[in-house]
S.K.: 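Could you have a look at this structure, given as structure tokens, before my questions?
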Amino acid sequence: MSTKIEMLKAEFEKEIELCENSEAIEKIRVAYLGKKGKITELLGELKNVPNEEKKAFGQNVNLLKKFAADKIAEQVEIIKKAEEEKLINSAETYDLSLPSSEESGSYHPITLVQREVEEIFASMGFTIEDYVEITDDYHCFEALNIPKHHPARDMQDTYYLDNGQLLKTHTSAAQNAIMKKYGAPLRAIFPGRCFRNESTDACHENTFFQMEGMMIDKDISISNLIYFMKKMLSEVFKQDINVRLRPGFFPFVEPGFELDISCTICGGKGCPSCKNSGWLELCPCGMIHPNVLKAGGIDPEEYTGFAFGLGLTRLAMMRFGVKDIRDLNSGNLKALDQFKHE
Ligand code: PHE
């Protein structure tokens with residue numbers, strides 16, 4: 001009987017030496033130590049062994065079992081190292097001068113919509129401004145006629161930094177700096193990433209994009225605002241868009257409005273997308289409040305202006321039929337890939 005153990009040991013040693021990769025080792029492990037493995041089955045033969053040899057036989061099989069398990073663990077380590085080395089060596093042969101694959105990247109849907117809107121406004125004489133993402137209480141709220149403890153602050157909870165600065169909750173945070181930079185008259189749009197302390201779902205994100213627009217001059221009125229919005233939206237949606245204004249409250253505009261557009265899906269007849277109303281809410285806007293003009297160094301007796309806050313993220317969702325806002329920040333290339341040819 002003990003010669004049987006010896007023979008099995010020799011056979012195992014020979015086979016394990018020949019193993020060249022992890023799969024081969026796993027096969028050997030199953031073949032010898034698995035439920036129906038050769039070593040495991042030896043133990044089953046214990047009942048045929050004469051009584052006086054039973055103890056020694058059992059001990060020897062267990063020794064072989066341990067020997068095989070140790071040897072396998074050792075071999076696994078050796079092969080793992082060899083496989084890693086192979087990987088590193090193959091990485092070294094990666095040739096950066098080879099032409100890249102044909103699969104090129106694509107613009108993010110928000111970038112696509114942003115550029116389109118920028119182009120339309122640029123053609124109407126608006127400049128495109130950049131603004132920071134981290135700003136302070138003054139620019140985000142105070143300069144916009146939202147004093148501390150004003151209830152309107154509740155609508156825009158944000159993330160605060162240890163030094164007292166905050167992540168801007170709306171692109172309106174740039175109004176003051178842009179007024180101070182250019183003075184009146186002025187026409188500018190400023191796209192930007194905004195942040196709010198929100199729980200996310202298919203329609204809400206803590207990070208989203210807006211495009212603010214501002215026009216300040218002598219005798220600017222609500223009709224100018226309606227004209228520019230209607231023109232821009234008709235070009236973005238490539239169809240004639242009707243707009244309507246409803247009263248809306250924002251401390252930095254007076255009067256303030258919610259601008260709705262005729263539903264782009266049903267054309268205004270009523271469908272599930274517009275909750276059968278025929279209208280979609282798109283863009284808060286209004287005539288800039290005299291206090292905001294004053295804070296920006298512009299005389300409200302001489303100049304008036306309008307401002308609007310277009311939801312770029314929302315516009316991109318409507319334009320491309322994106323159903324879940326979270327797809328846009330997910331970095332999921334499969335979700336974003338489909339806009340490649342837009
Ligand atoms: N900043 C406002 C918001 O994000 C929108 C807005 C912009 C309203 C400009 C009026 C004028 O809610």
Side-chain angles (χ1 to χ4, degrees), residues 110 114 117 121 126 128-129 131-133 135-147 150-159 166-179 186-198 203-216 220-230 232-233 243-261 280-293 295-296 298 300 303-317 325:
I110 293 179
Q114 178 183 326
V117 178
F121 274 104
F126 283 69
I128 301 159
E129 303 296 324
Y131 189 64
V132 293
E133 290 176 354
T135 182
D136 51 27
D137 192 272
Y138 176 77
H139 288 91
C140 201
F141 301 117
E142 296 264 342
L144 291 167
N145 201 28
I146 315 177
H150 192 287
R153 289 201 178 199
D154 291 351
M155 315 261 295
Q156 302 197 3
D157 187 18
T158 184
Y159 302 95
L166 49 87
L167 301 186
K168 73 168 190 262
T169 56
H170 50 179
T171 39
S172 308
Q175 284 192 9
N176 185 266
I178 292 172
M179 285 181 202
L186 122 81
R187 291 179 190 200
I189 52 167
F190 25 112
R193 196 194 317 254
C194 305
F195 307 85
R196 288 192 197 171
N197 186 3
E198 298 238 18
C203 313
H204 296 91
E205 249 294 10
N206 50 28
T207 307
F208 55 94
F209 288 80
Q210 287 187 342
M211 164 97 69
E212 188 98 352
M214 216 165 48
M215 181 172 182
I216 301 172
I220 295 291
S221 72
I222 298 167
S223 6
N224 299 103
L225 166 68
I226 296 176
Y227 168 80
F228 280 105
M229 296 315 287
K230 204 168 142 72
M232 184 274 291
L233 293 165
V243 300
R244 75 169 182 190
L245 296 183
R246 286 178 293 118
F249 175 70
F250 304 92
F252 36 97
V253 283
E254 178 57 36
F257 307 104
E258 292 284 356
L259 181 139
D260 297 339
I261 63 168
L280 295 168
E281 187 180 319
L282 186 69
C283 177
C285 53
M287 301 305 292
I288 303 173
H289 195 287
N291 288 351
V292 177
L293 289 172
I298 294 175
Y303 290 99
T304 50
F306 66 75
F308 62 84
L310 187 66
L312 257 194
T313 298
R314 188 162 149 74
L315 194 59
M317 287 174 76
I325 190 171

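Whatever order the structure lists ligands and atoms in, that order sets their numbers, starting from 1. A quick note: this is a predicted structure, and the numbers were derived from the prediction, not measured.
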S.K.: Surrounding CZ of F249 (heavy atoms of other residues, nucleotides or ligands, distance under 6.0 Å), is the total greater than 12?
M.R.: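 Yes - once you tally the heavy atoms of other residues, nucleotides and ligands closer than 6.0 Å, there are more than 12.
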S.K.: Would you mind telling me which of H170, H289, H139 makes a ring pair (Phe, Tyr, Trp, His ring centres under 6.0 Å) with F252?
M.R.: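 Among the candidates, only H170 passes.
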S.K.: Check the pair I146, Q156 against side chain to side chain contact (heavy atoms under 4.5 Å, CB included), reporting the backbone distance first and the verdict last.
M.R.: CA-CA 11 Å; I146 315 177; Q156 302 197 3; 5.7 Å; no
S.K.: Looking at T313, T169, T171, which one forms a side chain to side chain donor-acceptor pair (under 3.5 Å) with Q210?
M.R.: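 Only one option passes, and that is T171.
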S.K.: So that I know where these two stand, are F126 and F228 an aromatic pair - ring centroids less than 6.0 Å apart?
M.R.: yes
S.K.: Name each N or O atom in ligand 1 that is under 3.5 Å from a protein N or O, and give the partner atom and the distance.
M.R.:
from	atom 1	to	atom 2	distance (Å)
ligand 1	1 (N)	H170	ND1	2.9
ligand 1	1 (N)	S172	OG	2.8
ligand 1	4 (O)	R196	NH2	3.0
ligand 1	4 (O)	Q210	NE2	2.9

S.K.: Is E281 paired with R314 through a side-chain N to carboxylate O contact shorter than 4.0 Å?
M.R.: no
